[in-house]
Amino acid sequence: MVRALLILAAVNAVLSIPMAMLVKRDFAERGRVSLSMAVWTGAAMHGNALLLFAIAWFDRGSLGDLGEFTVAAGGLFAFAGAMLIYLGRSAYADFSRVYGLKEDELIERGVYRWSRNPQYVGYALFLGGVSLIAMSIWAFSLALLFALFIHCYIVAVEEPHLRAAFGKAYEAYVVRTARYFGLPSGRRHIDINEKL
């Protein structure tokens, strides 16, 4: 069963590459994502999560014994990830913005003050937490590959689109706000200078 699920995960990953290129084309031509691409990106993202859950279940214990500590730590990571996803989606204030169907505003409110990509951080934490609960080597591997793909997608597709769409406002946001999470780089610079 794990082998079949891994094959499906590989197919999903391979299909995500042309998907990313088509999203980039949509951004260039339309300034937003088409409905068909929004459906594809949603299916790829949620399909990856469902496959990881199934693999974690069928491969549980392959990385070591399941214990109270791993379950508690994994549960904490999964909960934190789910909260980041929720807070990120809430900050959009319009579901059509979540998948890029509406690109009318640079979102800087809520959790986006601390992260330019809180939902992706949330997905990575959530999937990593599920992998830890199950102590599954294959689920961890998929979570890491997902995080790597998302990083490449952010750098190659989303950030160039946001630079083109929002110009100087986005550049100022980049200076103030970390790509993933933490103190924004501009604030860290100020804090260091104040201490000198």
Side-chain angles (χ1 to χ4, degrees), residues 5-53 55-56 77-78 80-82 84-85 87-89 91-92 97-103 106-108 111-112 114-132 136-167 170-171 173-182 184-185:
L5 291 168
L6 288 170
I7 290 169
L8 284 173
V11 168
N12 188 43
V14 168
L15 290 175
S16 294
I17 295 168
M19 177 203 71
M21 292 187 298
L22 290 171
V23 167
K24 188 170 185 163
R25 184 199 67 193
D26 270 3
F27 280 149
E29 292 177 1
R30 302 168 185 246
R32 62 175 181 78
V33 174
S34 64
L35 179 60
S36 61
M37 291 312 304
V39 169
W40 190 354
T41 58
M45 179 85 85
H46 296 100
N48 180 67
L50 291 173
L51 285 166
L52 187 136
F53 297 157
I55 289 167
F77 283 120
L84 278 174
I85 295 165
L87 292 171
R89 288 181 178 222
Y92 271 64
R97 287 190 188 110
V98 172
Y99 292 104
L101 291 167
K102 191 176 187 182
E103 294 285 327
L106 178 61
I107 307 301
E108 300 181 60
V111 72
Y112 282 88
W114 302 102
S115 172
R116 299 193 317 261
N117 299 285
Q119 293 181 67
Y120 292 141
V121 172
Y123 276 108
L125 284 173
F126 185 77
L127 297 176
V130 168
S131 303
L132 185 58
S136 165
I137 194 161
W138 285 114
F140 267 121
S141 299
L142 285 176
L144 288 172
L145 286 173
F146 171 81
L148 177 64
F149 175 80
I150 289 302
H151 173 74
C152 294
Y153 179 79
I154 288 167
V155 171
V157 177
E158 287 193 350
E159 288 180 351
H161 163 66
L162 292 169
R163 278 188 175 86
F166 299 106
Y170 181 72
E171 292 299 337
Y173 179 56
V174 167
V175 170
R176 288 190 311 271
T177 311
R179 177 181 278 153
Y180 294 113
F181 217 88
S185 58

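Keep in mind that this is a model prediction, so the values were computed, not measured.
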_Derivation and outcome, side chain to side chain contact (heavy atoms under 4.5 Å, CB included), residues Glu171 and Arg163_ = CA-CA 7 Å; Glu171 292 299 337; Arg163 278 188 175 86; 2.7 Å; yes
Please report the closest heavy-atom contact between [X] and [Y], naming both atoms and the distance.
X	Y	value
Tyr92	Gly88	CD1-O, 3.1 Å
Ala38	Val33	N-CG1, 3.4 Å
Ile107	Ala91	CG2-O, 3.8 Å
Gly47	Asn12	C-ND2, 4.2 Å

*With rounding to the nearest 0.5 Å, note down the distance linking CZ in Arg89 to CZ in Arg97.*
14.5 Å
*What distance separates Leu50 CG from Ile55 CD1, expressed to the nearest 0.5 Å?*
11.0 Å
*Scan Arg30, Arg32, His161 and name whichever one has a side-chain hydrogen bond (donor to acceptor under 3.5 Å, both in side chains) with Glu103.*
His161
Side-chain touch [X]/[Y], heavy atoms, less than 4.5 angstrom:
X	Y	value
Leu84	Leu125	yes
Phe140	Leu132	yes
Leu22	Asp26	no

_Hydrogens and angles aside, do Glu108 and Tyr170 bring a side-chain donor and acceptor to less than 3.5 Å of each other?_
no
*Per the side chain to side chain contact (heavy atoms under 4.5 Å, CB included) rule, which among Leu144, Ile137, Leu52 passes with Ser131?*
Leu52
_Using side chain to side chain contact (heavy atoms under 4.5 Å, CB included), reason through Phe53 and Leu127 one step at a time and then give a plain yes or no._
CA-CA 8 Å; Phe53 297 157; Leu127 297 176; 4.3 Å; yes
Side-chain polar contacts of residues 145-159 - donor-acceptor pairs under 3.5 angstrom, sequence neighbours left out - could you list them?
| unit_1 | atom_1 | unit_2 | atom_2 | d |
| --- | --- | --- | --- | --- |
| His151 | ND1 | Tyr180 | OH | 2.5 |
| Glu158 | OE2 | Tyr120 | OH | 2.7 |
| Glu159 | OE1 | Arg179 | NH2 | 2.9 |
| Glu159 | OE2 | Arg116 | NH2 | 3.1 |
| Glu159 | OE2 | Arg179 | NE | 2.8 |
| Glu159 | OE2 | Arg179 | NH2 | 3.2 |

_Atom CH2 of residue position Trp138 - does it have more than 12 heavy atoms of other residues, nucleotides or ligands inside 6.0 Å?_
no
*Starting from the C-alpha separation in whole Å, work towards a yes-or-no answer on side chain to side chain contact (heavy atoms under 4.5 Å, CB included) for Leu51 and Leu142.*
CA-CA 9 Å; Leu51 285 166; Leu142 285 176; 5.5 Å; no
*Using atom types as modelled and distance alone, determine if a side-chain donor or acceptor of Ser115 lies under 3.5 Å from a backbone N or O of Tyr112.*
no
_Residue pair Trp114, Thr177: steps toward the side chain to side chain contact (heavy atoms under 4.5 Å, CB included) verdict_ = CA-CA 6 Å; Trp114 302 102; Thr177 311; 5.8 Å; no
